[in-house]
Amino acid sequence: KMGWGKYWIERGLEAFEYKLNSLNLSRNFCLGDEFSIVDSFLYPQVYNAIRFGIELNQFSNISRIYQHGMSCDYVIKSIPENQIDAIN
């Protein structure tokens, strides 16, 4: 199960990193300096990538965007362990 998940998450992140590279942006979020719907789809994928043990340093744009977002309250509040019904 872990190998299968890791394989497909990595393929998705590789494709997304390729797209980010083609946009030639070096901003705080996927499409600029404002959080967008694109970012709202990226963060859960990165969260799962970490869960599956994927090294994020191979995805420089995704890593940069993720790190910036993790300094924003609204992103931090959205992660699963910060939900009111999270099991501690």
Side-chain angles (χ1 to χ4, degrees):
K1 180 179 175 183
M2 290 296 283
W4 185 86
K6 184 176 180 177
Y7 176 83
W8 289 110
I9 292 169
E10 278 186 311
R11 297 301 77 73
L13 292 178
E14 286 169 358
F16 198 78
E17 182 74 16
Y18 178 81
K19 188 63 173 173
L20 288 172
N21 284 333
S22 72
L23 292 173
N24 221 8
L25 297 174
S26 183
R27 304 290 175 106
N28 291 325
F29 293 107
C30 293
L31 299 177
D33 289 324
E34 298 291 324
F35 190 87
S36 72
I37 194 164
V38 177
D39 299 289
S40 71
F41 289 105
L42 177 63
Y43 281 87
Q45 288 301 318
V46 173
Y47 183 88
N48 280 327
I50 293 167
R51 257 184 62 224
F52 279 82
I54 295 170
E55 291 293 326
L56 293 179
N57 57 4
Q58 62 184 312
F59 308 112
S60 59
N61 287 308
I62 291 172
S63 294
R64 177 180 42 75
I65 291 166
Y66 182 77
Q67 290 303 317
H68 176 75
M70 292 308 289
S71 68
C72 301
D73 285 342
Y74 51 90
V75 174
I76 294 168
K77 288 178 183 177
S78 73
I79 60 176
E81 57 267 20
N82 290 337
Q83 302 308 302
I84 196 163
D85 60 347
I87 298 172
N88 294 327

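Throughout, numbering of the chain's residues begins at 1 and tracks the sequence.
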> Sequence neighbours excluded, which residues qualify as side chain to side chain donor-acceptor pair (under 3.5 Å) partners of Gln58?
Replying inline: Glu10

>> Using modelled atom types and a 3.5 Å cut-off, is there a donor and acceptor pairing between side-chain atoms of Ser63 and backbone atoms of Ser60?
In response: no

> With Glu14, which residues qualify under salt bridge (Lys or Arg N to Asp or Glu O under 4.0 Å), at least two apart?
Replying inline: Arg11

> Would a distance-only check, ignoring hydrogens and angles, find a side-chain to backbone donor-acceptor pair under 3.5 Å from Glu17 to Asn61?
Replying inline: yes

> Is Leu31 reachable from Ile62 through a run of I, L, V, M, F, W or Y residues, each pair having side-chain heavy atoms under 4.5 Å apart?
Replying inline: yes

>> The test is side-chain contact (heavy atoms from CB on, under 4.5 Å); show your working for Val38 and Phe16 and say whether it passes.
In response: CA-CA 11 Å; Val38 177; Phe16 198 78; 3.7 Å; yes

> What closest approach, in Å, do Val75 and Gly69 show between heavy atoms, and which atom pair accounts for it?
Replying inline: CB-O, 3.1 Å

> What distance do Leu42 atom CG and Leu20 atom CG have between them, rounded to the nearest 0.5 Å?
Replying inline: 7.5 Å

>> Please tell me whether Ile79 and Leu13 are part of a single hydrophobic cluster in this structure, the criterion being side-chain heavy atoms less than 4.5 Å apart.
In response: yes

> Which atom names give the shortest non-hydrogen contact between Gly5 and Phe52, and what distance separates them?
Replying inline: CA-CE2, 3.6 Å

>> If I take atom CD1 from residue Ile76 and atom CG from residue Asn82, how far apart are they, to the nearest 0.5 angstrom?
In response: 8.0 Å

> Does anything in residues 34-56 pair up under salt bridge (charged side-chain N to carboxylate O under 4.0 Å, His left out), and if so which pairs, sequence neighbours excluded?
Replying inline: none

> Where do Phe29 and His68 come nearest, in terms of heavy atoms and distance?
Replying inline: CZ-CD2, 3.4 Å

> Within a strict 4.5 Å, meaning less than it, do heavy atoms of the Pro80 and Tyr47 side chains meet?
Replying inline: yes

>> Restricting to ring pair (Phe, Tyr, Trp, His ring centres under 6.0 Å), what partner residues turn up for Tyr66, sequence neighbours left out?
In response: Tyr43

>> Just to verify, what does Tyr18 make a side chain to side chain donor-acceptor pair (under 3.5 Å) with, not counting sequence neighbours?
In response: none

> Of the non-hydrogen atoms in Ala49 and Leu56, which two are nearest, and what is the gap between them?
Replying inline: CB-CD2, 4.1 Å

> In Å and rounded to the nearest 0.5 Å, what is the CD1 to CE distance from Ile9 to Met2?
Replying inline: 8.5 Å

> Any chain of hydrophobic side-chain contacts (each under 4.5 Å) joining Trp8 to Val46?
Replying inline: no

> Which atoms form the tightest heavy-atom contact between Ala86 and Glu81, and what is the distance?
Replying inline: CB-O, 3.6 Å

> With sequence neighbours left out, what residues match Asp33 under salt bridge (Lys or Arg N to Asp or Glu O under 4.0 Å)?
Replying inline: Arg27

